[in-house]
Protein chains: 2
Amino acid sequence: MAAFMSAAAPYPVERLAEEDTLSLAERAYRRLRDSIVQGALPPGSRISERSLAAALGISAQPVREALRRLEQDGMVVTLPRRGTVVAEFGPERQAEMGRIRAALEGAAAALAAERADAATLAALEAQLQAMQEATEAGRPDLVSAANERFHALIHGATGNVFLIRSLAALRAFDHVGRVRALNSTPKELPRALREHAGILAALQARDPETAEARMRAHVLRSLEVGGLLPHRPDRRRRTP
Amino acid sequence: MAAFMSAAAPYPVERLAEEDTLSLAERAYRRLRDSIVQGALPPGSRISERSLAAALGISAQPVREALRRLEQDGMVVTLPRRGTVVAEFGPERQAEMGRIRAALEGAAAALAAERADAATLAALEAQLQAMQEATEAGRPDLVSAANERFHALIHGATGNVFLIRSLAALRAFDHVGRVRALNSTPKELPRALREHAGILAALQARDPETAEARMRAHVLRSLEVGGLLPHRPDRRRRTP
DNA sequence: TCATGAAGGCTGCCATAGCAGATGGCACAT
DNA sequence: ATGTGCCATCTGCTATGGCAGCCTTCATGA
């Protein structure tokens, strides 16, 4: 049970909120989510509200809330009066979640193109610049951080709670696959940079359709690089 | 507080599970959600865990869980130690949720095209037939019911919990607008029928791209008919 | 040997009680 | 009349305990 005592978590965006002021349920949720995506809690692991609460040193109530959220995210499945188990997500599950994320990121980009204010656009430009410098410096870790912030800014620009929460869960889901994609080939970093620039251009031009298409293609291609989706050179076949 | 005592709920799909065996939290969630989307709890209404629990005749714990889920759905917003309030969702919010739903429904259709089994395809054909007959009989209510089941079948065919839950929340969100769209003009029913037929054809052809495109267009157009999105005759402008 | 069933230990679920933080009003001083 | 500090009262949040199902187990009987 020492897994829950791990210190760091790889999602700097959410760290902005003070760790101490967060509710116990929220902390338990993030901790469990990180433990699952990092493999500390492999699929099939049985999770008991009581024992987990004891391991975390808190009551069973916040733990229960955290498990409920994880269930909504599809990370655990609980049979009533039976137990809660970490869900199985093999490659096909990962691919599913990735395609769903591509769709939602596209919708977020479209909405952001309509209502992003000047400050947000400036912040996006700053993150793009940071990504550029990190790319030239050959620092994939900094690129990854700027990448996360870039997307988080777009999510926030929509002002839609449902979208923000869903995308936060989905991005946490395949965070590991995303950094792996960035480190795959040396050509990957500048390509991601170019795509981000294209997305930002569409946002500045207030063009929802283009922003959505580019963002969607960006996510899908990063999934292919990460090995979660098969490469599809031909996407033009149609049904009569 | 008699609003929570209302009997019927307009989502026949979820009624398949026995009402008695559902947890109190689940029942409270659906009840509150229906009360909100039907306007019984207008935006800005303050909701107290305790008083609401007393009105429902249950403890505060299940009510709290229901409120957390509604918060994830973006229907309520709660300030810590301050209170919970029904969120404001004017036309622009409705439009947002509609576009998000279009994106997710598209993803669901794409996944369903890959892994829907023969039984599901047959069931979809049956619902299409039912929709056809209801259309010819001039029964918009039956068309609406078959419509909901058609989409629910596709959602279930994906086998993705996250997708299923998200779409259930989104569809509950603008259920009223959807029936209004179906009853808008007499040409609407056969058009929806044709679009469904086209989607099913793409599913049977195992063509994810076409299925996604058609489903997405179908949802977007129904949103336009419902007045939630402006009509966009030209969608081909691009950013250089 | 094998079916059976009762008991104990699990599980998630719910009710109750009490906590700290936030709010509004009121008395008081300026 | 206005600013100020205190207190009753509200809120969401958490801890504790007990409930009803589910599952395993082992003694009992045929």
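Below, chains carry the letters A, B, ... as their sequence lines are ordered, and counting in each starts from 1. Because the structure is a prediction, the values reported are computed rather than measured.
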Would you call the rings of His218(A) and His151(A) parallel, tilted or perpendicular, taking 30° and 60° as the class edges? parallel
Side-chain N or O of Ser48(B) closer than 4.0 Å to phosphate OP1/OP2 of dC10(D): no
Side chains of Arg68(B) and Gln72(A) in contact at under 4.5 Å (non-hydrogen atoms): no
For Arg46(A) and dC22(D), give me the distance from atom CZ to atom P, rounded to whole Å. 14 Å
Check this one for me: any side-chain N or O of Arg68(B) less than 4.0 Å away from OP1 or OP2 of dG12(D)? no
His196(A) side chain reached by Asn147(A) side chain, heavy atoms, under 4.5 Å: yes
From CG of Leu52(B) over to C1' of dC13(D), roughly how many Å is that when rounded to an integer? 17 Å
Starting from C1' on dC10(C), measure out to CD on Glu49(A) and report it in whole angstrom. 13 Å
Please report the C-alpha distance between Phe173(A) and Phe89(A) in whole Å, then the side-chain angles of each, then the deciding distance to 0.1 Å, and finally whether the ring pair (Phe, Tyr, Trp, His ring centres under 6.0 Å) criterion is met. CA-CA 10 Å; Phe173(A) 199 83; Phe89(A) 31 90; 5.1 Å; yes
I'd like to know if Glu148(A) and Arg171(A) make a salt bridge, using a cut-off of under 4.0 Å between side-chain N and carboxylate O. yes
For nucleotides 14-17 of chain C, give me every protein contact, N/O to N/O, under 3.5 Å, one pair per line with atom names.
unit_1: dC14(C); atom_1: OP1; unit_2: Leu24(B); atom_2: N; d: 2.5
unit_1: dA15(C); atom_1: OP2; unit_2: Ser59(B); atom_2: N; d: 2.8
unit_1: dT16(C); atom_1: O4; unit_2: Gln61(B); atom_2: OE1; d: 3.2

Using atom CD of Glu71(B) as one end and atom C1' of dG12(D) as the other, report the distance to the nearest whole Å. 11 Å
Who are the side chain to side chain donor-acceptor pair (under 3.5 Å) partners of Ser45(B), not counting sequence neighbours? none
Judged by nearest nucleotide, the residue sitting upstream toward the 5' end of DNA chain D, Arg82(A) or Leu79(B), is Leu79(B)
